[in-house]
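For reference, the structure is listed below as structure tokens.
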Amino acid sequence: MLALDLCFRRGDFELVVNAQAESGVVGVFGPSGCGKSTLLKLVAGLLKPQRGRIQVGDQVLCDPEAGIWVPPHRRRIGMIFQHARLFPHLSVQQNLLYGHRLVPPDQRFIQPDEVIDLLELKTLLGRQPGSLSGGEAQRVALGRALLCSPRLLLCDEPLSALDDRRKNRILPFLRRVRDHFRLPMVYVSHDLGEILQLGSQVWIMEGGRLVARGDYHGGGLDAWLAPNAGDHVLVNVVEAVVRAHQEAEGTTELVLSPVGEPWFAARFEAPLGAKVMVALGADEIALVPERVPVISVQNQVQAVVTGLVRREGRVLCRLDAGVPLVVALTCRGAEQLALSVGRKVFCLFKARAVNLLGMQH
Ligand SMILES: Nc1ncnc2c1ncn2[C@@H]1O[C@H](COP(=O)(O)OP(=O)(O)OP(=O)(O)O)[C@@H](O)[C@H]1O
């Protein structure tokens, strides 16, 4: 559990955040300069708030009014950054064990062998950081952070220096860490698709404030529709299993849930039965009231409206299509369809709009 009640000022910039996160991954999303890194630095103890309180689990780490200040190295918080920041003069193995040695043995709940296995680091142990690829270095940085047996992991845009292919190779490792250690994580990114591959709890920051927070599929995030939120790319990220490839049509058939209809994606290389993650933009989906008998679009998926948010000429429609989906519409479109909660609709989208993000390990 993470509980924050913070006020921090630096020059003209002011950060005021009052929020709690229960467990799992919280994705922090927002435009450049809104204060995401500042928030993480405050939690890690690299910056001191003028006022406020930070609590992780049952320990208060900072409360100036009560005279409490736990220094950064005593907070047992792991942090990974955009660049791996490994110690260049130490081998991968020495980097991994650096923090581990500083943790008293009775507080070490994460062991080197476990991390080396989970992050597939065995073949890298003797290497020097300078010889590693960006993705390998980030895996080592993640391993080093975990070996401090942290009670919270802070991730500050850890994948933003990597291209999409490398990004999608690291994300399964982060999911493994999430599932294996059940460590609470705060994950900062500009990329909503990246956040949604790890979890659906999202905090949206703007100008040093949390303007919205909630479950991406459950509501509370009306700020997506704010006029200045036009740059946010709303996306759906879903897990699926590869069922078949249709060579003639150039498509790959996916099963999302045991009962739901299959989806068709543009053909990609993956063995049958492979677990994958795919993305579908919220603007790529059209809604129609009835099934269309003849149409060139390959995906026509039945869904029920579960939520509607109207603001500033736009509508955000939440749907249950066997998996939760978000669709962005104009108000006019929503009125023409007479959308309301409980209404049955069909989602139309091209196979080409369904993009492979990566394989699950
Ligand atoms: N060392 C510093 N000294 C003075 N101002 C700073 C310093 N670091 C950041 N700032 C300012 O504080 C504000 C918040 O910065 P912060 O780095 O937290 O934003 P961010 O949301 O993480 O941005 P980005 O996504 O670009 O990394 C910005 O206005 C920034 O210019």
Side-chain angles (χ1 to χ4, degrees), residues 2-21 25-54 56 61-62 64 69 71-73 75 77-85 134-135 137-138 141-142 145 150 152-164 166-167 170-171 174 184-199 201-214 216 221-224 226-235 237:
L2 172 67
L4 306 174
D5 179 7
L6 289 172
C7 182
F8 171 77
R9 244 173 257 107
R10 180 176 48 201
D12 293 339
F13 178 76
E14 186 189 55
L15 179 140
V16 180
V17 168
N18 186 341
Q20 292 81 39
V25 181
V26 174
V28 181
F29 182 80
S32 189
C34 70
K36 304 183 294 296
S37 299
T38 304
L39 179 68
L40 293 198
K41 284 180 189 156
L42 286 161
V43 176
L46 304 175
L47 291 172
K48 257 189 187 177
Q50 276 81 17
R51 188 192 63 69
R53 194 169 186 278
I54 299 170
V56 176
L61 300 178
C62 162
W69 172 257
H73 62 282
R75 291 194 177 195
I77 289 179
M79 204 159 173
I80 53 172
F81 303 90
Q82 183 177 359
H83 297 289
R85 302 190 185 183
Q138 249 348 357
L142 178 58
L152 173 69
L153 191 61
L154 303 177
C155 308
D156 193 356
E157 310 228 23
L159 307 183
S160 61
L162 303 177
D163 61 32
D164 282 349
R166 288 192 178 80
K167 223 183 236 191
I170 301 280
L171 276 159
L174 283 162
M185 275 192 225
V186 181
Y187 190 95
V188 162
S189 178
H190 282 105
D191 181 346
L192 178 63
E194 197 178 303
I195 288 176
L196 294 177
Q197 287 186 67
L198 292 169
Q201 286 302 316
V202 184
W203 291 359
I204 307 177
M205 279 191 88
E206 265 172 39
R209 304 285 193 277
L210 277 191
V211 290
R213 62 198 152 102
Y216 186 64
L221 295 170
D222 303 2
W224 296 121
N228 54 353
D231 295 341
H232 297 335
V233 178
L234 290 172
V235 68
V237 172

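When a residue number appears, it is its place in the shown sequence, counting from 1. Just so it is clear, the values below take in all heavy atoms, side chains as well, and ignore hydrogens, waters and symmetry mates. Just follow the structure's listing: the first ligand is 1, and inside any ligand the first atom is 1. A quick note: this is a predicted structure, and the numbers were derived from the prediction, not measured.
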- Task: May I ask you to identify, for E157, whether its side chain, its backbone, both or neither come under 4.0 Å of ligand 1 on a heavy-atom basis?
- Result: side chain
- Does R10 approach ligand 1 within less than 4.0 angstrom via side chain, backbone, both or neither, non-hydrogen atoms only? side chain
- Item | Check: R85 and I80 side chains under 4.5 Å, non-hydrogen atoms | no
- Measure the shortest side-chain to side-chain distance between V25 and L174 over non-hydrogen atoms and say whether it is less than 4.5 angstrom. no
- Task: Determine, counting only non-hydrogen atoms of the protein, whether one lies under 4.0 angstrom from atom 31 (O) of ligand 1.
- Result: no
- Message: Under 3.5 Å between any N/O of G33 and any N/O of ligand 1: does that happen in this structure?
- Response: yes
- Query: Any donor and acceptor pair, going by atom type alone, linking the side chain of Y187 with main-chain N or O of L153 inside 3.5 Å?
  - Reply: no
Name the closest protein heavy atom to [atom], giving the residue it belongs to and the distance to 0.1 Å.
atom	value
atom 26 (O) of ligand 1	S32 OG, 2.5 Å
atom 15 (O) of ligand 1	T38 OG1, 3.7 Å
atom 25 (O) of ligand 1	K36 NZ, 2.7 Å

- Query: Residues two or more places apart in sequence or in another chain: which of them pass salt bridge (charged side-chain N to carboxylate O under 4.0 Å, His left out) with D156?
  - Reply: none
- Query: Which residues satisfy the salt bridge (charged side-chain N to carboxylate O under 4.0 Å, His left out) test with D163, sequence neighbours excluded?
  - Reply: R166
- In a check of side-chain contact (heavy atoms from CB on, under 4.5 Å) between L40 and each of V186, L46, L47, which one passes? V186
- Item | Nearest option to atom 22 (O) of ligand 1, as decided by whichever heavy atom of G207, S37, P31 sits closest | S37
- Starting at CZ of R213, measure out to CD1 of I204 and round the result to the nearest 0.5 Å. 11.5 Å
- Query: Within 45 degrees of the axis of the six-membered ring of W203 and under 6.0 Å from its centre: does R209 put its NZ or CZ there?
  - Reply: no
Strictly under 4.0 Å, does any heavy atom of [X] approach an atom of ligand 1?
X	result
G30	no
M205	no
G11	no

- Message: As an exercise, identify every atom of ligand 1 less than 4.0 angstrom from a heavy atom of H190.
- Response: 25 (O)
